[in-house]
> 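Got a structure for you, written out below as structure tokens; questions coming shortly.
Heads up: numbering here begins at 1 and tracks the sequence.
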Amino acid sequence: MIKITADFSMAELEAIINDETEAWFDELVDEYRSAGKAFVERAVQKAQFNNITWNLRSSIGYVIMYNGQVIESFFKDLIAGTEGQEVGKDYAKFVLSLIDEGDGLSMALVAGEEYAYYVEAKGKDVISGSWAFFTTELRGALK
């Protein structure tokens, strides 16, 4: 029988595993971030509705949550108005509270103004077209 002796300690092995896991997680969040920002940019640019207050357009964004804590949010600053950003952030956090059980990584993509659904129902693209783009983008990035 051959005796094999490790030239590393369990603490060193755990440190390597933790470092690799953290690097993998950071890459995953980067992919979410990249796809999320592309979603927001596309939705803001391609939106098919009129802008009176710019609140709806500035409420389009995302929030990423990990283990019940917000780790990032992005709502584009618009020269014409940013009042919808806080509404969007609050709505995204509300959506995450419904789907996130406090364990793992979650992301909410939203148009936070309460009339966004009404505008979509009238046949105007608020975020639905960008949602399809997002899913394709993220799936491609995660392969």
Side-chain angles (χ1 to χ4, degrees), residues 4-143:
I4 299 174
T5 305
D7 65 349
F8 55 86
S9 69
M10 285 305 291
E12 291 170 325
L13 180 60
E14 286 178 16
I16 290 169
I17 291 171
N18 287 339
D19 288 347
E20 290 299 316
T21 301
E22 190 174 310
W24 173 84
F25 179 78
D26 289 345
E27 287 178 28
L28 179 63
V29 171
D30 285 345
E31 295 298 344
Y32 271 60
R33 177 183 300 115
S34 176
K37 285 188 177 181
F39 163 84
V40 173
E41 294 291 342
R42 186 182 188 287
V44 168
Q45 182 181 29
K46 302 272 186 190
Q48 299 175 339
F49 52 87
N50 296 326
N51 293 297
I52 297 168
T53 64
W54 290 83
N55 290 349
L56 179 55
R57 197 172 297 247
S58 67
S59 77
I60 297 171
Y62 70 81
V63 171
I64 301 173
M65 187 178 281
Y66 179 65
N67 288 343
Q69 300 296 315
V70 173
I71 60 172
E72 180 171 331
S73 65
F74 178 73
F75 291 80
K76 188 174 175 77
D77 286 335
L78 303 174
I79 294 171
T82 58
E83 292 82 14
Q85 288 179 341
E86 287 305 314
V87 174
K89 288 176 190 173
D90 289 344
Y91 185 64
K93 290 175 188 175
F94 169 72
V95 169
L96 285 169
S97 75
L98 298 176
I99 62 169
D100 183 81
E101 296 177 357
D103 189 26
L105 186 65
S106 303
M107 182 177 200
L109 306 162
V110 299
E113 289 291 343
E114 59 189 45
Y115 57 92
Y117 177 78
Y118 172 79
V119 175
E120 285 267 356
K122 289 287 191 182
K124 306 284 186 183
D125 181 9
V126 178
I127 61 172
S128 58
S130 296
W131 166 250
F133 172 79
F134 170 82
T135 56
T136 302
E137 183 94 0
L138 189 59
R139 280 189 190 125
L142 297 177
K143 284 187 178 181

> Does OH in Tyr115 sit with more than 12 non-hydrogen atoms of other residues, nucleotides or ligands closer than 6.0 Å?
yes

> What's the spacing between Asn55 CG and Glu86 CD if we round to 0.5 Å?
12.0 Å

> State whether the side chain of Ser59 and the backbone N or O of Val87 hold a donor-acceptor pair below 3.5 Å, judged by distance alone.
no

> Assess the residue pair Phe39 and Ile127 against the criterion (side-chain contact (heavy atoms from CB on, under 4.5 Å)); give the C-alpha distance rounded to whole Å, side-chain angles, the decisive distance to 0.1 Å, and a yes or no.
CA-CA 8 Å; Phe39 163 84; Ile127 61 172; 3.8 Å; yes

> Please enumerate all residues that pass salt bridge (Lys or Arg N to Asp or Glu O under 4.0 Å) together with Glu114, with sequence neighbours excluded.
none

> Kindly state each residue pair satisfying side-chain hydrogen bond (donor to acceptor under 3.5 Å, both in side chains) with at least one member in residues 69-80, sequence neighbours excluded.
Arg33-Glu72, Glu41-Lys76, Tyr62-Glu72, Asp77-Gln85

> Not counting sequence neighbours, list each pair that qualifies as a salt bridge (Lys or Arg N to Asp or Glu O under 4.0 Å) and has a residue in residues 47-61.
none

> Just how far is it from atom NZ of Lys46 to atom CZ of Phe133, taken to the nearest 0.5 Å?
9.5 Å

> Give a yes or no answer on whether the side chain of Thr135 reaches the backbone of Ala132 with a donor-acceptor pair at less than 3.5 Å.
yes

> Would you be so kind as to tabulate the donor-acceptor pairs closer than 3.5 Å made by side chains of residues 12-25, with sequence neighbours excluded?
unit_1	atom_1	unit_2	atom_2	d
Glu12	OE1	Ser9	N	2.8
Asn18	ND2	Glu14	O	3.3
Thr21	OG1	Ile17	O	2.8

> Hey, is the main chain of Gly104 close enough, under 3.5 Å, to the side chain of Asn67 for a donor-acceptor pair?
yes

> Taking only residues two or more places apart in sequence or in another chain, which ones pass ring pair (Phe, Tyr, Trp, His ring centres under 6.0 Å) with Tyr91?
none

> Just to verify, what does Trp54 make a ring pair (Phe, Tyr, Trp, His ring centres under 6.0 Å) with, not counting sequence neighbours?
none

> Mark yes when over 12 heavy atoms from residues, nucleotides or ligands other than Asp26 sit less than 6.0 Å from its CG; otherwise mark no.
yes

> Run the side-chain contact (heavy atoms from CB on, under 4.5 Å) check on Val110 and Phe75 step by step: do they pass?
CA-CA 10 Å; Val110 299; Phe75 291 80; 4.0 Å; yes

> Assess whether side-chain contact (heavy atoms from CB on, under 4.5 Å) is satisfied between Tyr117 and Val126, documenting all intermediate values.
CA-CA 8 Å; Tyr117 177 78; Val126 178; over 6 Å; no

> Quick check: does any side chain N or O of Glu137 sit under 3.5 Å from a backbone N or O of Ala35, one acting as donor and the other as acceptor?
no

